[in-house]
S.K.: 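Take this structure, written in structure tokens, and hold onto it; I'll ask about it next.
All ligand and atom numbering here is 1-based and tracks the order in the structure. Atom set for the values below is all heavy atoms of this structure, side chains included, hydrogens, waters and symmetry mates excluded.
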Amino acid sequence: MKKIAVFTSGGDAPGMNACIRAIVRGAAYHGVEVYGIVRGYNGMIKGDIIPLNSQSVSNIIQRGGTILKSARSKEFMTAEGRKKAYDKLQELGIEGLVAIGGNGTFTGAEIFYNEYKIPTVGAPGTIDNDLYGTDYTIGFDTAVNTALDAVDKIRDTADSHDRVFFIEVMGRDSGYIAIQCAIAGGAESVMIPENLTSVDEIAAILQKGFDKKKSSSIVIVAEGDEEGNAQIVAKNIKDKMDENLDIRVTTLGHIQRGGIPTAYDRILASRLGLGALEGLLRGEKNVMAGVVNNQLIYTPFHDTITKKKPVSEDLIRMVEILSS
Ligand code: F6P
């Protein structure tokens with residue numbers, strides 16, 4: 001393989017730039033020409049594809065976001081869109097792809113591979129950490145640290161005012177960010193889609209705290225929780241407990257997607273980027289590179305998309321025990 005392209009797609013994640021850098025520098029090392037596709041699948045359809053070299057990725061390892069920009073492409077979900085994308089790749093003679101992204105990215109990559117057989121290897125880039133086939137995804141560690149910094153700050157003011165805070169974190173259908181923030185932030189409770197905690201149970205946990213003279217509490221709510229978003233949960237708690245309870249809600253939102261990647265994310269991104277590239281050059285296709293138990297492995301896109309990666313029961317138990 002002599003000519004490949006790399007792109008980032010879906011929600012951006014801190015560390016994507018470190019991953020692009022590893023792919024581009026790895027390609028240079030192996031004597032492979034490398035292109036960058038701008039704005040994911042949309043750029044592939046439009047032919048917005050630029051040559052990259054070692055210098056193009058200087059001074060980006062520490063930057064959040066993605067220099068290749070990102071998008072969620074509706075057009076690529078159509079057969080016509082994918083045909084246009086294939087034609088653009090053919091025009092440039094691109095023989096293989098490295099896709100950095102999450103669930104949606106790999107769903108598109110699998111369909112595209114099945115139709116056009118262009119070998120594609122993925123690198124897991126999403127703050128949600130919801131991909132089967134890797135213990136951690138690029139950007140997750142930074143997102144947790146960003147959210148945790150906010151939780152720590154909110155705890156100061158919660159304590160000064162004797163308030164209960166419901167803090168909503170991202171994660172789509174996954175509770176990974178929430179559970180890690182809850183443990184590291186010493187939250188009183190956590191609500192995640194993987195383990196249903198009813199509003200009644202949360203009320204009981206808060207009451208137990210008040211009985212022990214706790215004057216403030218933090219509850220972390222994953223955005224995908226089945227009881228609803230943090231606003232809804234907070235309202236339901238107020239209705240159940242005491243209307244004078246001083247409750248506030250903070251939704252952290254997209255702050256969790258930005259910022260300087262942690263050392264962990266830079267190293268993981270570099271390892272997965274190089275791993276994806278070298279896998280592709282060795283003949284891997286239709287798979288995602290991941291790190292499981294500190295080993296680089298490749299998992300079929302189909303499994304990464306369809307199989308569940310459960311939040312460990314241990315962690316859930318830990319929040320309950322340590323907050324009491
Ligand atoms: O997948 C990353 C993520 O940040 C999710 O946690 C969140 O649900 C979603 O993307 C938000 O998407 P958008 O940036 O399109 O609003």
Side-chain angles (χ1 to χ4, degrees), residues 7-19 38-43 64-66 68-77 99-110 122-151 166-182 185 190-194 220-233 249-262 265 268-269 272 288 290 301 304-311:
F7 62 97
T8 48
S9 158
D12 61 351
M16 278 183 162
N17 281 327
C19 191
V38 182
R39 294 187 183 84
Y41 292 119
N42 281 343
T66 158
L68 290 177
K69 300 191 178 274
S70 197
R72 303 189 201 275
S73 174
K74 287 210 172 72
E75 202 180 349
F76 196 77
M77 297 317 281
I100 308 169
N103 251 298
T105 307
F106 299 153
T107 303
E110 190 189 27
T126 165
I127 63 164
D128 300 337
N129 198 31
D130 57 350
L131 290 167
Y132 177 88
T134 192
D135 288 340
Y136 294 106
T137 56
I138 298 161
F140 170 68
D141 186 62
T142 308
V144 169
N145 279 289
T146 302
L148 185 62
D149 180 54
V151 171
F166 288 83
I167 304 175
E168 184 178 305
V169 298
M170 277 189 168
R172 202 176 288 273
D173 303 321
S174 155
Y176 269 97
I177 296 178
I179 194 91
Q180 291 222 349
C181 272
V190 63
M191 301 180 79
I192 57 172
E194 294 85 347
I220 308 288
V221 184
E223 65 172 341
D225 189 73
E226 303 224 340
E227 292 283 343
N229 64 29
Q231 289 286 356
I232 295 171
V233 173
V249 176
T250 304
T251 301
L252 298 183
H254 285 79
I255 190 171
Q256 295 159 97
R257 287 250 293 270
I260 295 171
T262 58
D265 268 331
L268 180 71
L272 289 172
M288 179 194 85
F301 280 144
T304 69
I305 302 156
T306 54
K307 291 194 175 170
K308 286 258 169 254
K309 184 166 76 174
V311 171

S.K.: Taking C-beta and beyond as the side chain, do F140 and T126 meet within less than 4.5 Å on heavy atoms?
M.R.: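 SC-SC contact between F140 and T126 ruled out.
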S.K.: If you take the nearest heavy atom of each of R257, H254, M170, E223, which one is closest to atom 8 (O) of ligand 1?
M.R.: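 Result: the heavy atom closest to atom 8 (O) of ligand 1 is in E223.
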S.K.: Specify the protein heavy atom at minimum distance from atom 12 (O) of ligand 1: its residue, its atom name, and the distance to 0.1 Å.
M.R.: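 Checking every protein heavy atom, the shortest distance to atom 12 (O) of ligand 1 gives R72 NH2, 2.9 Å.
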S.K.: Taking the side chain as every heavy atom from C-beta outward, state whether I127 and P14 have any atom pair closer than 4.5 Å.
M.R.: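 They are in side-chain contact.
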S.K.: Report yes if the side chains of V151 and I220 come closer than 4.5 Å at any heavy-atom pair, otherwise no.
M.R.: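 The answer is yes; the side chains approach within 4.5 Å.
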S.K.: Can you tell which of V144, N145, V169 makes a side chain to side chain contact (heavy atoms under 4.5 Å, CB included) with Q180?
M.R.: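 So the option named by the test is V144.
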S.K.: Tell me the protein heavy atom at minimum distance from atom 9 (C) of ligand 1, and give that distance in Å.
M.R.: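 Looking at atom 9 (C) of ligand 1, the protein heavy atom closest to it is R172 NH2, 3.5 Å.
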S.K.: Nearest to atom 1 (O) of ligand 1, what protein heavy atom do you find, and at what distance?
M.R.: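 Protein heavy atom at minimum distance: D128 OD2, 2.7 Å.
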S.K.: Please confirm whether G171 comes under 4.0 Å of ligand 1, counting heavy atoms of the residue only.
M.R.: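 Within the 4.0 Å threshold, so yes.
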S.K.: For ligand 1, is any non-hydrogen atom under 4.0 Å from Q256's backbone (N, CA, C, O), its side chain (CB onward), both, or neither?
M.R.: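 For Q256, there is no contact with ligand 1 at all, from either part.
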S.K.: Quick one: does any side-chain atom of R257 pair with a main-chain N or O of D12 as donor and acceptor, under 3.5 Å?
M.R.: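 A pair under 3.5 Å: yes.
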